[in-house]
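Below you'll find the structure, written out as structure tokens, and then a few comments.
Within every chain, numbering begins at 1; the chains are lettered A, B, ... in the order of the sequence lines, protein sequences first and strands thereafter. Worth saying up front: this structure is predicted, and the values here are computed from it rather than measured.
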Amino acid sequence: MRRFEMILPSSVDECVKALATHGAGAKTVAGGTDLLPQMKNGLVKPAVVVDLGGIAALKGVTNGAGLRVGACATARELELHPEVRKRYTALADGAALVGSVQVRNLATVGGNLCNAAPSADMAPPLMALEAEAVIAGPKGERRVPLSAFFTGVRQTVLGADELLVALVMPAPPVPPEAGLYVSGGSYIRHTPRRELDIAVVGVASQVTVQNGRCVKARIALASVAPTPVHATAAERALEGQPLTPERIEQAAGLAVEAAKPISDQRGSADFRRHLVRVLTRRTLTAALARARA
Amino acid sequence: MSVMKTTRDVKGVGLSIPRPDGPDKVTGKVQYVADITPRGLLHAKLLRSPHAHAKIVRIDVSKARALPGVRAVLTAADIPELKGKPASRAHAVLAIDRVVFAGQPVAAVAADEVAIAEEALDLIDVQYEVLPASVDPLQAMKPGAPPVAELGTEADLSEAMAHSAVAMAKGETPTKAVNVSQTAHVKRGDVAKGFAESDVVLEHTYRVPMVHQGYIEPHAVLAEWDRSGNLTLWASTQGSFNTRSEVADVLGLEENRIKVIPVECGGGFGGKIRALCEPITAILARVTARPVRYVMTRREELEAGMPAPQVIIRLKTGVKKDGTLMALEGETVLESGAFSGTVLAVSAVFLGSLYKWPAFDIKGSEVLTHKPSVAAYRAPVAPQSIFAIDSQMDALARALNIDPVAFRARHLSKPGDPMANNQPWASMGAPEVLQKAGAHRVWKEREAWKKGAKPGTLRGVGLSLGGWLGGLQPTGASVKLNPDGTLSVLTGQVDIAGTNIALAQIAATAYGVDIDKVKITTGDTDVAPVTGLSAGSKTVYTVGVAVLQAAQAARKQTFEIAAAELEAAVDDLELVDGKIVVRGVPGKGVTLQSIGKKGNLYMSKVEPVIASSHPAFSQQAPAFASQIARIELDPDTGEVTLKDFVIVQDVGKAINPLAVEGQMQGGAVQSLGMALTEGLVYDDQGRLTNPSLLDYRKLTAADLPNLETVIVEVPSPAGPFGARGVGEPPIIPAPAAIANAIADATGVRLTEAPLTPERIALALARRGAG
Ligand SMILES: Cc1cc2nc3c(=O)[nH]c(=O)nc-3n(C[C@H](O)[C@H](O)[C@H](O)COP(=O)(O)OP(=O)(O)OC[C@H]3O[C@@H](n4cnc5c(N)ncnc54)[C@H](O)[C@@H]3O)c2cc1C
């Protein structure tokens, strides 16, 4: 690892200032589980590292009308959070899959998203839950839907002087508050190894059902395109329909069309397309079961 | 000899005694090379080629040399002694004019800090002229393939010698194709006639990619010179004497000027036999006149270590309907990377020797490619060869609808049967191992268990059998009696597998004291008796004999001193609880303590008790293991879940059953990794695409079921107390056992390892579609 300077801001403002001063030569660090291996392998060589660990505003998970997840909330926190486990199950699923317990104690949701790997396990669940990214910069705060946050492999809408502050998302309806609406979600990924592995394909599904018909379906895919993507055709095919096994199978087939996978050392494009179908079917089935539970 | 009579069972051979080094290892107290930090230490880093094959047009190191904190920057041009040596990995210290694999070092830096050394690497400007590379071994054999070696290719047989694995009956030497550096050929009988008379002929091509040994501690070395030109190396090595010889050869130094101190070795599995980074570190230390330490990163290990060869085996086998074996034809290709050095003969012998084929014709080629050169990996080439022959036997049994265990048992070679090289099989327990495995509940109850599969999942049970011929190497040990009656045992043997506890148990039993009175020391190359490699399942098998003989000789010396003192015949003495007594005369005796003391006392006329032994060996002890896998398989994703795994192994005599079980389980885990997930994956330019442990997938505890061990003891004639080697056999059977279990679950035979979910799911999808 190359030598670097470390800055320890204690507020979002200080952090934004530091980033504005040092520009592209600076890198923020949260848990460091992506950044440090990249620095050790010489893939990135920042002259300045800005530690987000001392900024209270980035921490914690707040549950109200919806959910607010601080950018520095860890995967472990999300995995264990009672409300996340109950109502935002796809997110709990995704968080619980990251690395190992040791990694999850460090890994943050902000780092997972800002690192912008196509395989990030927390991205599809948050997209399926229609989360928005809260971003801070020199001109103040702005909000971007997560589905528009990623712009390419390891690229996001964030400017060099911006940082991700939090994710906010509406609460999926659950009875009794929402009458007959029920919602459930699920995230499943495939990896050759049970733990400590990166998704060959990951699929998150969130379905809301009213009177036996699907009123909303959100399906997001990891590792099948330069960014996590929505399977929009599959979503549309489900909305307004009863979620029969046949419908689900049809949607799984449509989801494959949203996938533009490449072949690499983790899996061939053929296998990835095959997995999109299998995992879309499985997550929709699981989401529906959770909605009814 | 009556002095060797055991008078009372001492605490020694046969007991499960935990390794004394365990607690320090798991609590991080042990000092490895990377922890040794002498005053004035410099850190080394190597600049490595990004290209698999390229001409070095120009290297400019001036900017790197100018960086503050940099003490030396070297290229091959700065090290004249590298010129003109035969092409080998050890000699390829820094590339001269041409690089032959991605990751090959082209320049070396020593600096005050690791970070400074890394920055210096960024400042070295190398201009390459990229050349076409030979990446696939089968392509590399074809006319017109880019050649790897400059002038003809020399077979390097030292690895084969080191493992003493097999003596090869040299067949005719076919003309070598491009990049073929070694060939082997064994045949017997009329193969064409055998196939013509067969009812069923099966042909498959098996492939196992390059895999990395995966020792926890990467290669590391610390080098320091004294003012008289003597070199000390603190090394993580499997054989300090071998390291000394190789470094002496590269540096042109006399061996007695090099002291290799074997530091605690965090695993080797064959990957730390040959010199790798020791010579360049020694050169940097000489140039800077400072101690220099080099610790490889995990990425460097994966990109530029010395992995196991890729093995491609085409097998064609013919049998009669009643199961009679008729003919086997085999063609083996071992991909050796940029330099020769595989144990080609082992493969041919295993394919042709394990089962009694009346006719066989097996050809082998070692092929060079533009990849890192390979080395041994625990039972080199045996898991790959057994993957082929055992899968083939299983497929034949299934095709004939014969019980797979009965089919193997019927054709299995027995002691005395001729091997493929016409030497007779030595005493071995393969039949006993197979019989025990076949009788195991997990195998016996397979049909009932399979019926319990949940909807949407498939269940399968697979069994396989494999073995290792056993290694040999001359070795030495000494035993001395201390003034307090304790024993000190000295060897040069690096303990990478818990062998020191077994050696202590042997010394205790042979001398006649409890193990807590015995301490084993691994000496450096200046003080230790000559000792061989910790490799090839031969440490306890050979060093154990040296220790046994030295302890027996020390006991004899002790008894003779006691006899003189007690005025009794040696034959009338016995050793009970640390005291030598005259049998039948209570109260008359002399303690070991007093004998030890007299041997060390000022003005004493009693000789000290010091005995040594340095045997050489000629008789190998083959050792076999069978493994049974119960798997559950998700046909949609191809995911395999191991539900139960059983390891049945002939160890001759379990000197320390606990340590033996540890070897059986550890070997099985590596074998399962090879079966399910591991493989170095190269792109078509010869660059590694998975240079991290995230993508080079060793199995984790979460992937593994309970690993049940069943010890079988068929004593070897020459091993200490009948012991056989235990390290290699357990890494051999799993790839075949898993392939057989998958075939059992799905009816699909997979022949390319690792048997990944992708391969399984796509094979099932293809079958579904077809
Ligand atoms: C062994 C291991 C296993 C892993 N397994 C998985 C896995 O299963 N699934 C998975 O998805 N990932 C996995 N990862 C990757 C990693 O752990 C996750 O992506 C993690 O969530 C990253 O979070 P972090 O806080 O450690 O990020 P860091 O490494 O601190 O940062 C990552 C990147 O994001 C930027 N960044 C961080 N926070 C912010 C912010 N608030 N605003 C702007 N930019 C920011 C940093 O500058 C950096 O570029 C694994 C990593 C390791 C080492």
Side-chain angles (χ1 to χ4, degrees), chain A residues 1-5 33-34 36-43 45 47 96-103 117 119 188-203 249 252 256 261-283 285, chain B residues 45 48 69 113-122 297-300 303 456 634-642 673 676-683 687-704 754-766 768-769:
Chain A
M1 204 188 310
R2 312 303 188 270
R3 292 170 289 181
F4 57 87
E5 194 190 320
T33 59
D34 274 318
L36 257 79
Q38 290 164 10
M39 287 172 67
K40 283 186 179 169
N41 285 321
L43 301 174
K45 300 169 184 173
L97 286 170
V98 174
S100 58
V101 175
Q102 294 92 325
V103 171
S119 56
I188 302 178
R189 69 172 189 182
H190 167 74
T191 56
R193 190 162 62 179
R194 198 133 287 162
E195 280 217 347
L196 282 169
D197 211 338
I198 299 298
V200 177
V201 168
V203 179
E249 193 56 53
V256 177
I262 54 162
S263 293
D264 64 12
Q265 82 283 359
R266 291 184 184 141
S268 68
D270 277 352
F271 186 44
R272 288 192 155 115
R273 276 187 287 266
H274 172 85
L275 285 172
V276 169
R277 181 192 293 273
V278 172
L279 299 186
T280 303
R281 186 206 307 136
R282 288 187 181 179
T283 51
T285 310
Chain B
K45 279 278 161 190
R48 295 172 179 278
E113 291 174 30
V114 175
I116 297 174
E118 286 185 7
E119 284 169 33
L121 296 186
D122 289 349
T297 64
R298 184 63 61 184
R299 190 187 177 99
E300 288 179 302
E303 280 181 341
D634 179 333
D636 284 339
T637 61
E639 286 163 21
V640 165
T641 307
L642 287 165
L676 291 165
T677 50
E678 287 184 47
L680 295 165
V681 183
Y682 294 86
D683 67 14
R687 285 173 306 221
L688 185 65
T689 63
N690 56 341
S692 83
L693 290 182
L694 208 48
D695 280 320
Y696 182 86
R697 298 182 188 83
K698 292 266 169 198
L699 295 179
T700 76
D703 300 300
L704 295 164
L755 305 158
T756 56
E758 166 156 8
R759 292 199 166 118
I760 296 166
L762 293 186
L764 293 178
R766 269 196 301 277

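- Applying the salt bridge (Lys or Arg N to Asp or Glu O under 4.0 Å) test to B/Asp634 and every residue at least two apart in sequence or in another chain returns A/Arg282.
- Heavy-atom distances place the backbone of B/Tyr696, and not its side chain, under 4.5 Å from chain A.
- Counting heavy-atom pairs closer than 4.5 Å to chain A, the top-ranked of the candidates B/Glu119, B/Arg697, B/Glu118 is B/Arg697.
- The minimum heavy-atom distance between A/Arg193 and B/Leu699, with the atom names listed, is CD-CA, 4.3 Å.
- Formation of a donor-acceptor pair under 3.5 Å by the B/Glu639 side chain with backbone atoms of A/His190 is not found in this model.
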Checklist entry - Step by step, would you call A/Ser268 with B/Leu762 a side chain to side chain contact (heavy atoms under 4.5 Å, CB included)? => result CA-CA 10 Å; A/Ser268 68; B/Leu762 293 186; 4.1 Å; yes

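- One distance of note links CG of A/Leu196 with NZ of B/Lys698; it measures 14.5 Å at 0.5 Å rounding.
- The part of B/Asp695 that comes within reach of chain A is its side chain, from C-beta onward, which places non-hydrogen atoms under 4.5 angstrom from that chain.
- Residues that satisfy the side-chain hydrogen bond (donor to acceptor under 3.5 Å, both in side chains) test with A/Arg277, not counting sequence neighbours, are absent from this structure.
- In terms of non-hydrogen atom pairs under 4.5 Å with chain B, the most contact-rich of A/Thr191, A/Asp197, A/Val201 is A/Asp197.
- Of the N and O atoms on the side chains of B/Asn690 and A/Gln265, not one donor lies less than 3.5 Å from an acceptor on the other residue.
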Item to check | B/Leu694/A/Ile198 under side chain to side chain contact (heavy atoms under 4.5 Å, CB included): CA gap, chis, key distance, verdict | outcome: CA-CA 7 Å; B/Leu694 208 48; A/Ile198 299 298; 3.7 Å; yes

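- Using a 4.5 Å cut-off between heavy atoms, B/Thr637 contacts chain A through both its backbone and its side chain.
- Per-residue heavy-atom pair counts under 4.5 Å with chain B were compared for A/Glu195, A/Lys45, A/His274, A/Arg266, and the maximum is reached by A/Arg266.
- Of the listed residues (B/Val640, B/Ile116, B/Leu121, B/Thr756), the one with the most heavy-atom contacts under 4.5 Å to chain A is B/Ile116.
- For B/Arg299, the part sitting under 4.5 Å from any heavy atom of chain A is the side chain, from C-beta outward, and nothing else.
- At a 4.5 Å heavy-atom cutoff, the contact between B/Leu693 and chain A is made by backbone atoms alone.
- The two residues A/Phe271 and B/Pro757 make their nearest non-hydrogen contact at CZ-C, 4.0 Å.
- For B/Asp683, no part lies under 4.5 angstrom from a heavy atom of chain A.
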